[in-house]
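Here is the naming used below: chain letters follow the sequence lines, and residue numbers restart at 1 for every chain. Values below: every heavy atom of this structure, side chains too, minus hydrogens, waters and symmetry copies.
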Number of protein chains: 2
Amino acid sequence: MPRVTIKDVARAAQVSITTVSHVVNNTRFVDPATKQRVLTALEELGYQPNSLARSLRSGVTRTIGLVVPDASNLFFADVARKIEDIGFQQGYSVILCNSDNNPGKQSRYINTLLAKQVDGVIFISSGSEPDDLMRLVENNIPVVVADRDVPLELADVVLLDNEQAGYDATKHLINLGHRFIACITGPNHLAPSMQRFEGYKRCLKENGIDFDPKLIEMGDFRFPSGEEAMQRLLSSSSRATAVFVLNDMMAIGAMSAAHKAGLSIPKDISIIGFDDIEIDAAITPALTTMAQPIEEMAQYAMNLLIEHLVGKKHELNQRIILTSRLIKRDSTARWEE
Amino acid sequence: MPRVTIKDVARAAQVSITTVSHVVNNTRFVDPATKQRVLTALEELGYQPNSLARSLRSGVTRTIGLVVPDASNLFFADVARKIEDIGFQQGYSVILCNSDNNPGKQSRYINTLLAKQVDGVIFISSGSEPDDLMRLVENNIPVVVADRDVPLELADVVLLDNEQAGYDATKHLINLGHRFIACITGPNHLAPSMQRFEGYKRCLKENGIDFDPKLIEMGDFRFPSGEEAMQRLLSSSSRATAVFVLNDMMAIGAMSAAHKAGLSIPKDISIIGFDDIEIDAAITPALTTMAQPIEEMAQYAMNLLIEHLVGKKHELNQRIILTSRLIKRDSTARWEE
DNA sequence: CTGAAAGCGCTTACAG
DNA sequence: CTGAAAGCGCTTACAG
């Protein structure tokens with residue numbers, strides 16, 4: 001059975017398609033009796049407007065693209081979840097674009113979003129390709145960059161103050177009496193990793209602790225890399241009593257490595273993570289971490305985007321900087337020499 | 001700057017829009033010289049076809065809808081991830097529809113998918129509303145039901161043999177010497193929970209162990225409910241030595257409750273979960289679980305759907321039943337009285 | 001080898 | 001109070 005169109009409804013209700021359109025959209029007065037006939041026909045035929053036609057005509061799709069680097073990272077999964085939720089409330093669908101940290105895939109997805117005429121996009125960069133963003137901007141598609149800063153003037157941006165958060169995490173460890181504080185970083189081309197790491201170094205310096213490169217290991221923000229980085233740390237000659245892991249997924253991996261090495265957390269070694277994903281509170285010991293305000297971030301990103309979409313004026317290059325906060329749980333403890 | 005259309009390209013290349021369309025789609029022979037002119041114009045203007053117009057005309061959107069009950073459940077996040085991945089490879093975009101286990105939201109999302117003329121949908125039910133599916137089927141939209149069975153004749157279905165998996169999990173515990181085996185279930189209106197529970201009961205029976213209702217607690221498949229269920233279990237007069245938790249998220253919550261109660265896993269109590277989400281191997285102790293073949297499930301679902309989309313014939317009501325397998329890790333151990 | 005034209009299903013000035 | 005018609009940007013018979 002072919003789809004029912006506005007024409008079918010018009011025929012059934014004995015009116016023009018103009019009138020059907022107006023009652024469907026409630027966009028001009030229609031005589032109550034006529035309106036009722038149309039409503040009945042609509043109901044009986046089970047009419048469902050064709051968004052493609054509507055969008056083609058009106059230029060509005062009520063669809064936004066969400067580009068994330070890695071949907072298996074729980075942090076991004078949470079963000080995606082929130083964006084979807086807020087979008088739904090506002091009547092927007094979201095096309096999920098997982099770039100897999102792959103510039104080629106990201107680029108192809110941007111083409112798709114362009115072709116599908118999305119009204120806007122929320123963009124979490126997979127790295128260093130501002131070209132993709134430029135293509136969006138050139139096509140007048142508003143984009144809000146979230147989480148990972150990008151060298152582009154023409155987008156709004158909502159970020160965390162990662163440097164300060166890195167500082168605060170380190171400070172927590174220092175306050176607890178730690179002096180040998182290791183750090184497991186993410187890929188160093190990613191701004192969040194870099195900045196957290198900068199905060200770590202600044203904090204050491206301000207507290208008169210020498211920076212020791214032997215205490216630094218790099219991971220890729222995923223579980224296994226955290227485990228491996230921790231193993232390297234434990235088998236080296238360094239004697240860390242605490243480690244600041246730059247995201248929670250790696251922190252959980254690191255905890256696992258510590259356990260396997262027979263260490264007790266936090267008695268033998270303290271671990272602090274970053275993100276505050278839901279599972280942190282459920283594992284043992286519960287993970288101390290720097291919380292990212294995911295909901296707030298998603299909310300700001302969507303609000304900024306929607307302001308553009310409904311044409312409300314605001315500065316083109318608005319920057320919103322959110323702050324992280326320390327969530328003390330059970331994986332960090334006082335260190336007595 | 002307004003979007004560039006096929007008309008702009010035609011004008012620039014001095015040909016008809018017909019010809020431009022044909023070179024864009026490579027759909028009929030075009031004189032090499034002419035073709036080159038078009039290609040150049042395409043490039044210079046940065047032409048990007050408008051999918052809306054194309055889809056409206058051709059009736060094909062190369063977009064599928066993915067309806068999941070709860071995107072914050074890691075299992076569904078993984079499934080979504082895989083579907084997106086396979087879809088991308090085949091040239092399909094996916095619209096993420098998180099029903100939040102809310103029938104109203106699910107229903108509104110189905111409307112959206114209908115309006116957006118998706119080519120097909122992969123559907124993981126939030127419960128018991130076959131009406132939504134009927135609307136899809138009535139509009140000739142192929143749907144593949146995954147994970148949670150649904151009383152509908154007109155869809156393909158890819159499921160896990162949950163009953164057998166429940167049996168196998170329980171058998172593992174019995175083989176280890178356990179006789180007092182508790183079970184933390186999911187909502188009992190969900191087929192997977194029900195069926196796993198049936199398998200549990202069958203296994204007890206076949207092994208001459210009396211079913212004890214005091215050993216059963218219900219959760220909602222999320223972390224906190226697993227923790228709470230475990231607390232109830234521990235504070236009751238029952239004396240479980242092992243617990244079969246019907247998904248991993250709850251199992252992790254249950255482990256946390258056991259730890260907080262001062263129990264050591266698996267020495268004092270064994271725990272087996274269900275799903276095999278990525279984090280299972282990273283926590284301590286690593287969680288023994290029944291693995292769901294997520295990749296296989298996503299692959300079958302997409303293949304079935306795509307077969308429909310490209311018009312390949314196959315039975316309308318095809319049922320694919322996958323089997324789970326036991327992943328022994330460190331949260332279960334032999335019980336000596 | 002190429003183009004003029006119909007038509008996909010809508011919205012929306014314009015007219016009465 | 002309502003309708004005829006143009007047009008959104010494409011694809012695709014049809015014709016030459």
Which residue lies more 5' along DNA chain D, comparing Arg28(B) with Arg54(B) via nearest heavy atoms: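 Its nucleotide being nearer the 5' end, the pick is Arg54(B).
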Nearest-nucleotide comparison on DNA chain D, the residue closer to the 5′ end among Thr18(B) and Leu52(B):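 Looking at the nearest nucleotide for each, Leu52(B) comes out on the 5' side.
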At under 4.0 Å between heavy atoms, what does [X] touch on the DNA or RNA strands: base, sugar-phosphate, or nothing?
| X | result |
| --- | --- |
| Ile17(B) | base |
| Thr5(A) | sugar-phosphate |
| Thr19(A) | sugar-phosphate |

Give me the atom names and distance for the closest heavy-atom approach of [X] to [Y].
| X | Y | result |
| --- | --- | --- |
| Pro69(A) | Ser125(A) | CG-O, 3.6 Å |
| Thr63(B) | Tyr92(B) | N-CD2, 3.9 Å |
| Val15(B) | Val20(B) | CG2-CG2, 3.7 Å |
| Ile122(B) | Leu305(B) | CG1-CD2, 3.7 Å |
| Tyr47(A) | Thr5(A) | CE1-C, 3.6 Å |

Contact check, side chains of Asp85(B) and Asp100(A), non-hydrogen atoms, under 4.5 Å: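 Side chain of Asp85(B) against side chain of Asp100(A), heavy atoms only: contact under 4.5 Å found.
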side-chain hydrogen bond (donor to acceptor under 3.5 Å, both in side chains), paired with Arg135(B), selected from Asn139(B), Asp131(B), Asp132(B):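 Answer to the side-chain hydrogen bond (donor to acceptor under 3.5 Å, both in side chains) test with Arg135(B) among Asn139(B), Asp131(B), Asp132(B): Asp132(B).
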Comparing Arg57(A) and Pro32(B) on DNA chain C - which has the more 5′ nearest nucleotide: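 It is Pro32(B) whose nearest nucleotide is closer to the 5' end.
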Without swapping roles, check the side chain of [X] against the backbone of [Y] for a donor-acceptor pair under 3.5 Å.
| X | Y | result |
| --- | --- | --- |
| Thr61(B) | Gln117(B) | yes |
| Asp156(B) | Val144(B) | no |
| Lys116(B) | Ser51(A) | no |

Close approaches to DNA chain C from residues 34-43 of chain A, in residue order (heavy atom, under 4.0 Å):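 When residues 34-43 of chain A is checked for heavy atoms under 4.0 Å from DNA chain C, there are no hits whatsoever.
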Arg81(B) and Asp70(A): CA distance, side-chain angles, deciding distance, salt bridge (Lys or Arg N to Asp or Glu O under 4.0 Å) verdict: CA-CA 9 Å; Arg81(B) 219 270 136 99; Asp70(A) 176 9; 3.7 Å; yes
Outermost nucleotides of DNA chain D that come under 4.0 Å of a non-hydrogen atom of chain A: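 Here the contact window of chain A covers dC1(D) to dG9(D).
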Range-with-range stems for DNA chain D, at least three Watson-Crick or G-U pairs under 3.5 Å: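 Stems found: C:1-3 with D:14-16, C:5-12 with D:5-12, C:14-16 with D:1-3.
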